[in-house]
Amino acid sequence: MKVLMVCLGNICRSPLAEGIFRRVAEQRGLDWEIDSAGTSGWHAGELPDRRSIQIARHHGLDIAGQRSRQVTPQDLFEFDYVFAMDASNLRNLTELAVAQDSRARVVRFLEFAAYKGGHDVPDPYYNDQGFREVFDMLESASPAVIDRILLEQRQPLSVPTPGGIAFDR
Ligand code: 4NP
């Protein structure tokens, strides 16, 4: 399974999502490929924001090896799931996906998890206090996201027609 986490800058939220989700998947014994990217290339090549590195380290997670990159049209073919952190990221990804006739399932991370406290992971860039909340949201939603991916693999999203041909929904 190939999973891509996407936010705006790929320095605050999606690097945390990548690190947290990879750890939860590993704990479940799943050998999945997890990556992250930004809808913008503003911080391409940079390390994660020091506040993200710090909150991750506080939770025993090292994300300092990551480097920011911009999402590409090709990502929408190569990844099975592309998770947006917020509605704005989703809008940008959907535009890219429509233009590219993508293969990936593109959805907001918290919505896919049926998270109770809203479906956007708030941008913490101008809010030092926001990083803790971002970490907690991502960590608490990750197990539900994994459960749902596993469920979808067992029950593919296809509708058999009377003629017997299955169309993807
Ligand atoms: P991220 O946060 O999308 O979670 O990585 C941001 C990073 C940088 C900017 C905005 C949000 N920026 O405006 O440069």
Side-chain angles (χ1 to χ4, degrees), residues 2-26 32-100 102 104-146 148-149:
K2 292 185 62 156
V3 177
L4 184 67
M5 306 295 185
V6 176
C7 61
L8 174 59
N10 190 212
I11 55 169
C12 298
R13 291 165 292 176
S14 59
L16 283 172
E18 177 187 333
I20 291 165
F21 194 78
R22 181 182 293 114
R23 179 163 72 179
V24 175
E26 280 171 1
W32 288 0
E33 186 179 326
I34 321 297
D35 194 5
S36 64
T39 56
S40 81
W42 299 337
H43 297 273
E46 294 179 18
L47 276 73
D49 188 284
R50 58 180 166 71
R51 296 163 295 178
S52 286
I53 293 177
Q54 215 163 48
I55 191 76
R57 189 175 291 143
H58 179 73
H59 291 271
L61 198 57
D62 180 9
I63 63 165
Q66 295 184 32
R67 295 296 179 271
S68 175
R69 73 172 180 89
Q70 186 170 17
V71 68
T72 68
Q74 191 61 28
D75 286 325
L76 297 165
F77 285 97
E78 290 183 358
F79 286 86
D80 300 294
Y81 290 88
V82 175
F83 289 119
M85 293 296 108
D86 67 26
S88 165
N89 310 147
L90 181 66
R91 211 159 38 239
N92 288 320
L93 284 169
T94 304
E95 283 164 13
L96 197 63
V98 165
Q100 292 296 319
S102 80
R105 190 135 143 65
V106 182
V107 59
R108 265 185 301 180
F109 188 73
L110 295 184
E111 185 174 5
F112 194 75
Y115 188 78
K116 296 284 185 265
H119 290 164
D120 285 337
V121 180
D123 181 353
Y125 192 57
Y126 294 107
N127 172 22
D128 290 348
Q129 306 308 313
F131 285 80
R132 181 184 296 266
E133 183 193 13
V134 166
F135 190 98
D136 292 345
M137 287 174 129
L138 292 169
E139 188 163 68
S140 71
S142 287
V145 168
I146 288 176
R148 187 156 173 194
I149 291 175

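For ligands, and for the atoms within them, numbers begin at 1 and follow the listed sequence.
Using a 4.0 Å cut-off to heavy atoms of Trp42, the atoms of ligand 1 that qualify are 12 (N), 13 (O), 14 (O). Every atom of ligand 1 is numbered from 1 in the order shown, and the set under 4.0 Å from a heavy atom of Gly9 is 1 (P), 3 (O), 5 (O). Residue-ligand proximity, Ile11 to ligand 1, at heavy-atom distances under 4.0 Å covers atoms 5 (O), 7 (C), 8 (C). Contact atoms of ligand 1 toward Cys12: 1 (P), 2 (O), 4 (O), 5 (O) (distance under 4.0 Å to a heavy atom of the residue). In summary, the atoms of ligand 1 found under 4.0 Å from a heavy atom of Cys7, numbered by their order in the structure, are 1 (P), 3 (O), 4 (O), 5 (O).
Centroid-to-centroid, the aromatic rings of Tyr81 and Phe83 come within less than 6.0 Å.
With salt bridges taken as basic N to acidic carboxylate O contacts below 4.0 Å, one links Asp128 and Arg51. Salt bridge absent: Lys2 and Asp35 never bring a charged side-chain N and a carboxylate O closer than 4.0 Å. Note on Arg22 versus Glu18: salt bridge recorded, some NZ/NE/NH1/NH2 to OD/OE distance being below 4.0 Å.
Contacts with ligand 1 closer than 4.0 Å are made by backbone heavy atoms (N, CA, C, O) of Asn10 only, the side chain lying farther away. Residue-level proximity to ligand 1 for His43 is carried by the side chain, the only part with a heavy atom below 4.0 angstrom. Counting heavy atoms closer than 4.0 Å to ligand 1, residue Asp123 contributes side-chain atoms (C-beta onward) but none from N, CA, C or O.
Taking every heavy atom of both residues into account, Asn10 and Gly38 meet most closely at CB-N, 3.3 Å. The shortest non-hydrogen separation linking Phe109 to Ala141 is CE2-CB, 3.9 Å.
Side chain to side chain, Asn89 and Asn92 fail the donor-acceptor criterion of an N or O pair below 3.5 Å.
For atom 12 (N) of ligand 1, the closest non-hydrogen atom on the protein side is Tyr125 CE2, 3.5 Å.
In terms of polar-atom proximity, Arg13 is counted as a contact of ligand 1, with an N or O under 3.5 Å from an N or O of the ligand.
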